[in-house]
Amino acid sequence: MVDIPEYLLERSRERRQLLTGQDPGGPAEATATSAAPATVEVAASPAAPAQPAPQVLAPVPAPAPPPPPEPPTSPWVVAATTRKRIPLWVMPVLLFLPIWGFLYVGTLESPSQGETGLLGEGEEVYVETAACSSCHGFEGQGTSSGPQINAGELLLTFPDDPDGLGLAQQIAWVAKGTNGTGVGRPYGNPERGRVAGWFGEMAAFGDSLTSEQLIAVVLYERAVHDESEPARTTAAIMEEMLESGELVLPEAFAADVTVEEIQELLAPVFAHEQEEAAEDG
Ligand code: HEC
């Protein structure tokens, strides 16, 4: 005995009605549908007389499957067959791309001298913290926004001298900028003839940098851009004295700081420097 679930019978009935137009309640169905669940005797042996399958189970010829639809043309195939070829003028552009990329990357990299200690701190201030490089150029070569300060130019304005006058003048200048110095007022070595506003306007950095950062960037410009050996020596001695506590710097320079005050502050460094020079000589 095989149980035929009711839903299958129901489906068969509906199908039949659809194909023949016969009423499901008609006499042909009556016998098969009366019992639920319907059961069908399956022949036990081949010898048994073939029993006619109940009508409901008669295989309903499936309607002919619809012809397979035309395989749709995928949008990417359409795109591939209809798109325009790469125009010829692109070729030289592609050829030059790597060269352009190389040049471009070259302009992004700041030429790092790999300075450490106080000069390294100065380099960071010059390139990042205060972005002096944006106006004076990565190598101090100058731009339309700031004058050249390398290749000895800076040392003409703020000379190297044994008592640190030029250094103190430069520190005061960077701390005060054009307006803090006063447009039209001289700064640096008088022989150079610089007056505030001669080139443009530079901001004051005394309030945005610590005094150590400001001194560091000034020494960096002198030692690296202008290759001043005295500045390199000063940086090394100052670094030692800061570490040992022999030199203590204020948090920041006041807006009205004077060259004399800075010279006084750095006097121990220069005294130390002269002692060392005397020992060496
Ligand atoms: C926005 C542009 C700009 C930035 C940023 C800038 N400067 Fe200047 N700098 C100038 C200009 C302009 C002058 C000339 C000032 C004038 O004409 O009054 C100048 C002058 C100088 C001078 C004097 C050069 C000379 O020979 O007279 C030094 C030194 C200097 N800057 C250092 C620095 C340092 C250090 C920084 C970063 C802490 C810095 N500058 C950031 C524009 C800039």
Side-chain angles (χ1 to χ4, degrees), residues 107-108 110-113 115 117-161 164-232 234-235 238 249-259 261-263 265-266:
T107 64
L108 290 181
S110 57
S112 170
Q113 266 77 21
E115 297 291 345
L118 201 58
L119 292 181
E121 189 181 341
E123 180 173 332
E124 197 182 313
V125 172
Y126 189 82
V127 176
E128 283 175 38
T129 321
C132 317
S133 53
S134 64
C135 292
H136 293 287
F138 282 122
E139 286 163 48
Q141 74 275 22
T143 70
S144 58
S145 315
Q148 178 187 6
I149 50 169
N150 70 359
E153 284 296 317
L154 183 67
L155 299 179
L156 290 176
T157 309
F158 306 108
D160 271 326
D161 31 36
L165 175 64
L167 176 66
Q169 285 172 331
Q170 192 188 340
I171 292 169
W173 163 258
V174 176
K176 297 163 113 169
T178 302
N179 290 326
T181 303
V183 175
R185 298 188 58 183
Y187 68 89
N189 181 11
E191 280 173 35
R192 177 72 148 160
R194 288 280 200 252
V195 292
W198 71 276
F199 188 98
E201 189 189 319
M202 178 170 133
F205 286 93
D207 51 1
S208 59
L209 298 175
T210 67
S211 61
E212 185 179 319
Q213 283 177 318
L214 204 149
I215 292 174
V217 73
V218 164
L219 286 171
Y220 169 78
E221 286 177 340
R222 299 173 77 83
V224 175
H225 295 152
D226 289 71
E227 294 173 24
S228 157
E229 274 312 313
R232 206 166 265 282
T234 305
M238 198 182 283
L249 298 175
E251 181 54 28
F253 287 116
D256 60 352
V257 69
T258 65
V259 172
E261 282 167 356
I262 296 170
Q263 235 185 321
L265 179 71
L266 300 184

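Side chains are part of it too, since the values below use all heavy atoms of this structure and drop only hydrogens, waters and symmetry mates. Remember, it's 1-based here, ligands and their atoms both numbered in the order they're listed.
- If you look at F205 next to ligand 1, the close heavy atoms, those under 4.0 Å, all belong to the side chain.
- Checked by distance only, ligand 1 and S145 stay at 3.5 Å or farther apart across all their nitrogen or oxygen atoms.
- Atom 8 (Fe) of ligand 1 has an N, O or S atom of H136 inside 2.8 Å of it.
- Below 3.5 Å of separation, one finds no N or O of C132 facing any N or O of ligand 1.
- Not a single N or O atom of E221, backbone or side chain, sits closer than 3.5 Å to an N or O atom of ligand 1.
- The E201 neighbourhood of ligand 1 comprises atoms 12 (C), with distances under 4.0 Å to a heavy atom of that residue.
- Taking atom 24 (C) of ligand 1 as the reference point, the nearest protein heavy-atom neighbour is I149 CG2, 3.8 Å.
- In terms of protein heavy atoms, atom 2 (C) of ligand 1 is closest to C135 SG, 1.8 Å.
- Side chains of Q170 and E221: a donor on one and an acceptor on the other come within 3.5 Å.
- Side chain of D207 to backbone of A255: no donor-acceptor contact under 3.5 angstrom is found.
- A heavy-atom separation below 4.0 Å is found between Y187 and ligand 1.
- Using a cutoff of 4.0 Å between basic side-chain nitrogens and carboxylate oxygens, E115 and R232 are scored as salt-bridged.
- Annotation: atom 22 (C) of ligand 1 to nearest protein heavy atom, W173 NE1, 3.1 Å.
- Between Y220 and H225, the angle of the ring planes goes over 60°, which puts this pair in the perpendicular group of the 30/60° scheme.
- In this structure, E153 falls outside the shell of residues with a heavy atom less than 4.0 angstrom from ligand 1.
- Heavy-atom proximity to T157, at under 4.0 Å, picks out these atoms of ligand 1: 25 (C), 26 (O), 27 (O).
- Counting heavy atoms closer than 4.0 Å to ligand 1, residue A131 contributes backbone atoms (N, CA, C, O) but none from C-beta onward.
- Among F199, Y126, Y220, the residue whose heavy atom lies closest to atom 17 (O) of ligand 1 is F199.
- At least one N or O atom of R194 sits closer than 3.5 Å to an N or O atom of ligand 1.
- By heavy-atom distance, the residue among P147, S144, G140, G193 lying nearest atom 13 (C) of ligand 1 is P147.
- Close N/O approach between A130 and ligand 1 is not found [any backbone or side-chain N/O within under 3.5 Å].
- With a heavy-atom cut-off of 4.0 Å, L154 touches ligand 1 through its side chain alone.
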